Amino acid sequence: DTEVTQTPKHLVMGMTNKKSLKCEQHMGHRAMYWYKQKAKKPPELMFVYSYEKLSINESVPSRFSPECPNSSLLNLHLHALQPEDSALYLCASSQDPGNTEAFFGQGTRLTVV
Amino acid sequence: GESVGLHLPTLSVQEGDNSIINCAYSNSASDYFIWYKQESGKGPQFIIDIRSNMDKRQGQRVTVLLNKTVKHLSLQIAATQPGDSAVYFCAENTGGFKTIFGAGTRLFVKA
């Protein structure tokens, strides 16, 4: 199994809503990542988890809250988002934090209304 | 066909021709350089990487060249196929946990 599975595929939420994005991998990878990608732009790193601990937060606003419940799961909790947060949110994993071969999910297309 | 840095984000090539996608990077301290392919509606897919102490690495139908003197990276795709149509991103890894993506080049393959 070389897949990273993200749910939901699409999400529309209001600015006062609370929602969560989910990511799962069963490759035994110990590093997991959240990226944000706007249309026609490269993915931008948001968070890095290494061995289930948050290692990097790229100055992401607190309305985005990551969580790593176990080594296979990564969540991104969303609260009080703005329309400009609308984007494709990509989850990725790699065997370990120093490994450059990352496996990406298909992403969650988020629209904030 | 050949793209020139980040100022020509679209490359169009004839099926069967070789493609060259270029990338300029800025961080001299990067340990690894990576190429990803992103097809429409999908997440990026790892193609190949190269360590900073190398200048060339070959994969299946792809070759990555690294010129540290001018901070330039290129991806060569041999015998380009319609399935190669995608956006190609170069990325840098500074040896820690961070992989930072460059702006990307869209490759169109004409049948």
Side-chain angles (χ1 to χ4, degrees), chain A residues 2-7 9-10 21 23-25 27 29-60 66 68 87-109, chain B residues 5-11 21 23-27 29-54 57 59-60 62 64 66 73 75 86-108:
Chain A
T2 58
E3 276 196 355
V4 175
T5 304
Q6 290 188 244
T7 56
K9 285 189 169 46
H10 300 274
L21 309 185
C23 175
E24 190 167 4
Q25 57 87 15
M27 294 178 279
H29 289 176
R30 305 314 300 267
M32 296 186 77
Y33 312 83
W34 280 114
Y35 282 84
K36 172 183 177 180
Q37 187 176 27
K38 301 283 269 185
K40 299 183 180 179
K41 296 290 186 182
E44 297 175 14
L45 184 65
M46 300 175 70
F47 302 105
V48 179
Y49 272 83
S50 171
Y51 293 88
E52 299 160 51
K53 294 191 187 313
L54 182 63
S55 299
I56 293 179
N57 175 341
E58 288 285 275
S59 303
V60 179
C68 190
L88 181 68
Y89 288 85
L90 292 160
C91 174
S93 70
S94 63
Q95 189 169 0
D96 56 59
N99 193 298
T100 56
E101 183 175 0
F103 292 76
F104 281 80
Q106 286 197 315
T108 294
R109 176 74 60 188
Chain B
L6 303 176
H7 303 291
L8 190 65
T10 301
L11 174 65
I21 301 171
C23 175
Y25 66 90
S26 57
N27 189 349
S30 294
D31 281 344
Y32 281 92
F33 300 89
I34 311 117
W35 283 100
Y36 280 91
K37 170 187 180 182
Q38 188 172 25
E39 296 176 86
S40 181
K42 296 185 178 181
Q45 178 186 6
F46 175 90
I47 301 173
I48 191 169
D49 64 2
I50 186 168
R51 195 164 184 176
S52 60
N53 62 356
M54 300 170 66
R57 190 172 184 211
Q60 187 177 14
V62 296
V64 57
L66 176 63
L73 186 68
L75 177 70
V87 176
Y88 288 81
F89 292 102
C90 63
E92 304 173 53
N93 183 287
T94 57
F97 303 161
K98 281 187 173 187
T99 294
I100 305 300
F101 283 72
T105 297
R106 180 174 294 279
L107 176 65
F108 285 109

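Source: prediction; values computed, not measured. Naming: A, B, ... by sequence-line order, numbering from 1 per chain.
Interface remark: Y35(A) contributes side-chain atoms only to the contact with chain B (heavy atom separation under 4.5 Å). For Q37(A), the part sitting under 4.5 Å from any heavy atom of chain B is the side chain, from C-beta outward, and nothing else. Proximity to chain A is absent for every atom of Q45(B), based on heavy atoms less than 4.5 angstrom apart.
Nearest heavy-atom pair, Y36(B) versus E101(A), reported as atom, atom and distance to 0.1 Å: OH-C, 4.2 Å. Listed here is the closest heavy atom pair of P42(A) and F89(B): CA-CE2, 3.4 Å. Taking every heavy atom of both residues into account, G43(B) and L90(A) meet most closely at CA-CD2, 3.9 Å.
Contact count against chain B (heavy-atom pairs under 4.5 Å) is highest for V48(A) among N99(A), V48(A), L88(A). Contact count against chain B (heavy-atom pairs under 4.5 Å) is highest for E58(A) among K41(A), R109(A), E58(A). Between chain B and the residues S50(A), P97(A), C91(A), A92(A), the largest count of heavy-atom pairs under 4.5 Å involves P97(A). Contact tally against chain B (heavy-atom pairs below 4.5 Å) for P43(A), S55(A), A31(A), G105(A): the top residue is P43(A).
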* To do: Go through the steps for D49(B) and T100(A) under the test side chain to side chain donor-acceptor pair (under 3.5 Å), then give the verdict.
  => CA-CA 7 Å; D49(B) 64 2; T100(A) 56; 2.4 Å; yes
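By the 6.0 Å contact criterion, CD on E52(A) is enclosed, its count of non-hydrogen atoms from other residues, nucleotides or ligands being greater than 12.
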